[in-house]
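Worksheet for the structure shown next.
In the text below, chain A, chain B and the rest are named by the order of the sequence lines, each starting its count at 1.
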Number of protein chains: 2
Amino acid sequence: MEYRYPYPHPALTVDCAVFGLDEGRLKVLLVERGEEPYKGAWALPGGFVRLDESLEAAALRELEEETGVRELYLEQLGAFGEPGRDPRERVVTVAYFAIVNLFDHPARGGSDASAAAWFEADAPPRLAFDHADILAAALDRLRGKLRREPLAFEFLPRAFTLTQLQRFYETVLGAPLDKRNFRKKVLSYGILEELDEFEAGAAHRAARLHRFDRDAWERLRASEGSYSV
Amino acid sequence: MEYRYPYPHPALTVDCAVFGLDEGRLKVLLVERGEEPYKGAWALPGGFVRLDESLEAAALRELEEETGVRELYLEQLGAFGEPGRDPRERVVTVAYFAIVNLFDHPARGGSDASAAAWFEADAPPRLAFDHADILAAALDRLRGKLRREPLAFEFLPRAFTLTQLQRFYETVLGAPLDKRNFRKKVLSYGILEELDEFEAGAAHRAARLHRFDRDAWERLRASEGSYSV
DNA sequence: CCAAAAGTGTTAGAGATACACCCATGG
DNA sequence: CCATGGGTGTATCTCTAACACTTTTGG
């Protein structure tokens, strides 16, 4: 491919809003920029797209390079391309929205040389470029999807208690839920498998552990079933 | 702005899936390509983004240039950027999803020199590039949003009968609706204004006309109210 | 035995669904 | 007067929301 269309070619990046649950709080993963512009500022992890890789592949590559994160839920959020969002030249970014499971893949502050850290998703530091807008859009999307799709299980350990699940929804959606109604509803979908294992080391009655049954969810969604918290 | 980041710069386009209601059918607006690649094939209207205009402005400009369409509902669908989606060079496109009101702005087959035409949204001709994928994604989005947001009024004339509204939903969602329940529900939101005008020239009892009250909808949505068909 | 969280059912109300007939108009 | 679509109400059912006490365990 040598041909180039006779039109301006902007730079193209991907940026990822990566969410995780840490100490019961919703966190977002940020990196400290090592280069101008915005050197030293916190930003969403991301970088330039190579010509031979898909947008999603670029997002995964950048995430692994900058933060060591490998297995995650990833979905495109949209393109952000206001002229002037980068002071140097026109840069259009394709934003992704991601979830890492910090139980399976414990947080590491960063990898390689770059500094990466987890921040409260609702109270991030001042961000480079228009990343505050992107983060806000990602949070909106996250909250919207959580209500209607079983994304919560991307955040939780493979085996979890119903109380853990409830706390998660309460934290992220910011509203208390009724314990009995919550359990009734969430069990009614038949997408949770009751394990014969119990919470360990609690100073009170041990709670039964459950596992998300992805096949059951696929069957449910295939039969037009819905999920809603 | 002279600086260019030392990374590859792909070409950037916008493409629009423009929907409209014509003769009671959901249609999509396509243009015939006058240039290679895919010369002569049908494609979503779109084109290259200028360096000094926003993505949305580019979408609006291309729509007006290619099809004469000016007033419309426009929302970003997402970026499509598989390597190889354009045979000549790497081209990333930002897809938009749009609705034109063909009652207010009657269909014109095209403007200027380019040939534009409306096709059945569910049975489009073979499309250039990956435009079939984009159209499919846009249709999914349209059907999803129609159920939960009052987008139907973007398609209908300013003053419409409840039967027209019901037919629209039935056509687009592909399922019959109960007349009494439909009316009860749609009126219950309080976002329709009953006019003192009636359908003209029908060979039967004339139906009362209604108008979408956007302010009432804004108030409803501000108070956490929902809309669902 | 005390503190802490787990676990469990019932009732009332709201919203969704199913369903059939008379009315007004134009031709 | 007839054909065509306009317009209306009720009964049932399902889903949601409110609500409090007993059980288990570890310390």
Side-chain angles (χ1 to χ4, degrees), chain A residues 23-24 146-148 150 152 156-157 159-171 173-211 220 223-229, chain B residues 23-24 146-150 152 156-157 159-171 173-211 220-221 223-229:
Chain A
E23 311 272 327
L146 269 179
R147 295 176 174 282
R148 324 215 129 264
L156 295 175
F160 51 85
T161 69
L162 294 182
T163 300
Q164 257 182 303
L165 183 62
Q166 184 181 341
R167 293 273 174 279
F168 173 77
Y169 279 112
E170 288 175 332
T171 304
L173 302 180
L177 298 170
D178 178 87
K179 180 161 63 155
R180 282 178 286 192
N181 292 336
F182 178 79
R183 288 169 176 244
K184 232 180 308 171
K185 186 186 276 194
V186 79
L187 290 175
S188 73
Y189 298 119
I191 60 173
L192 294 188
E193 183 187 357
E194 270 196 358
L195 301 178
D196 288 323
E197 298 166 50
F198 294 81
E199 191 188 13
H204 52 79
R205 175 170 177 182
R208 180 181 289 275
L209 294 174
H210 294 74
R211 183 159 56 188
L220 180 65
S223 62
E224 307 277 285
S226 68
Y227 175 87
S228 135
V229 187
Chain B
E23 311 273 326
L146 269 180
R147 294 177 175 281
R148 324 214 129 264
E149 283 176 59
L156 295 174
F160 50 85
T161 69
L162 294 183
T163 300
Q164 257 183 304
L165 183 62
Q166 183 180 342
R167 293 274 174 279
F168 173 77
Y169 280 111
E170 289 174 333
T171 305
L173 302 179
L177 297 170
D178 179 86
K179 180 163 62 158
R180 280 179 288 192
N181 293 336
F182 177 80
R183 286 168 177 243
K184 231 181 306 173
K185 184 187 276 193
V186 79
L187 290 174
S188 74
Y189 298 118
I191 60 173
L192 295 188
E193 182 186 356
E194 271 196 356
L195 301 178
D196 289 323
E197 299 166 50
F198 294 81
E199 190 188 15
H204 51 80
R205 177 171 175 180
R208 181 180 288 275
L209 295 174
H210 294 76
R211 182 160 55 188
L220 180 65
R221 89 167 345 183
S223 62
E224 307 277 285
S226 68
Y227 176 88
S228 137
V229 188

Short side-chain to backbone donor-acceptor contact, B:Gln166 and B:Leu177, under 3.5 Å: yes

Partner set under side chain to side chain donor-acceptor pair (under 3.5 Å) for A:Gln164, not counting sequence neighbours: none

Listed partners of B:Arg147 passing salt bridge (charged side-chain N to carboxylate O under 4.0 Å, His left out), at least two apart: none

Gap between atoms CZ and P, on B:Phe182 and C:dG15 respectively (whole Å): 19 Å

N or O in side chain of B:Thr163 less than 4.0 angstrom from D:dG6 OP1/OP2: yes

Nearest-angstrom distance from the residue atom CZ of A:Arg180 to P of D:dT16: 17 Å

B:Arg221 backbone acceptor or donor facing B:Tyr227 side chain under 3.5 Å: no

Nearest-angstrom distance from the residue atom CG of A:Asp178 to C1' of C:dA6: 14 Å

Could you pull out the protein-nucleic contacts involving nucleotides 10-13 of chain C (nitrogen or oxygen on both sides, under 3.5 Å)?
unit_1, atom_1, unit_2, atom_2, d
C:dT10, O4, A:Lys184, NZ, 2.9

Atom pair distance, as rounded to whole Å: CZ in A:Arg208 and P in D:dT24: 13 Å

Closest-nucleotide ordering on DNA chain C, the 5'-leading residue of B:Lys179 and B:Ser228: B:Ser228

For A:Glu197, all residues meeting salt bridge (charged side-chain N to carboxylate O under 4.0 Å, His left out), sequence neighbours excluded: none

All side chain to side chain donor-acceptor pair (under 3.5 Å) counterparts of A:Lys179, not counting sequence neighbours: none

Atom pair distance, as rounded to whole Å: NZ in A:Lys185 and C1' in D:dA18: 14 Å

Counterpart residues, salt bridge (charged side-chain N to carboxylate O under 4.0 Å, His left out), relative to B:Arg205 (two or more places apart): none

B:Leu177 CG - C:dC19 C1' separation (whole Å): 15 Å

Results of ring-ring contact (aromatic ring centres under 6.0 Å, His included) for B:Phe198 - residues two or more places apart only: none

Whole angstrom value for the distance that separates P of D:dT23 from CZ of A:Phe198: 17 Å

Sugar-phosphate or base contact per nucleotide [nucleotides 22-27 of chain C; S, B, -; heavy atom under 4.0 Å]: -BBBS-

Length of the line joining B:Leu209:CG and D:dG6:P, which is rounded to integer Å: 11 Å

For B:Arg211, salt bridge (charged side-chain N to carboxylate O under 4.0 Å, His left out) partners two or more places apart: B:Glu193

B:Arg183 side chain near D:dG7 phosphate (N/O to OP1/OP2, under 4.0 Å): yes

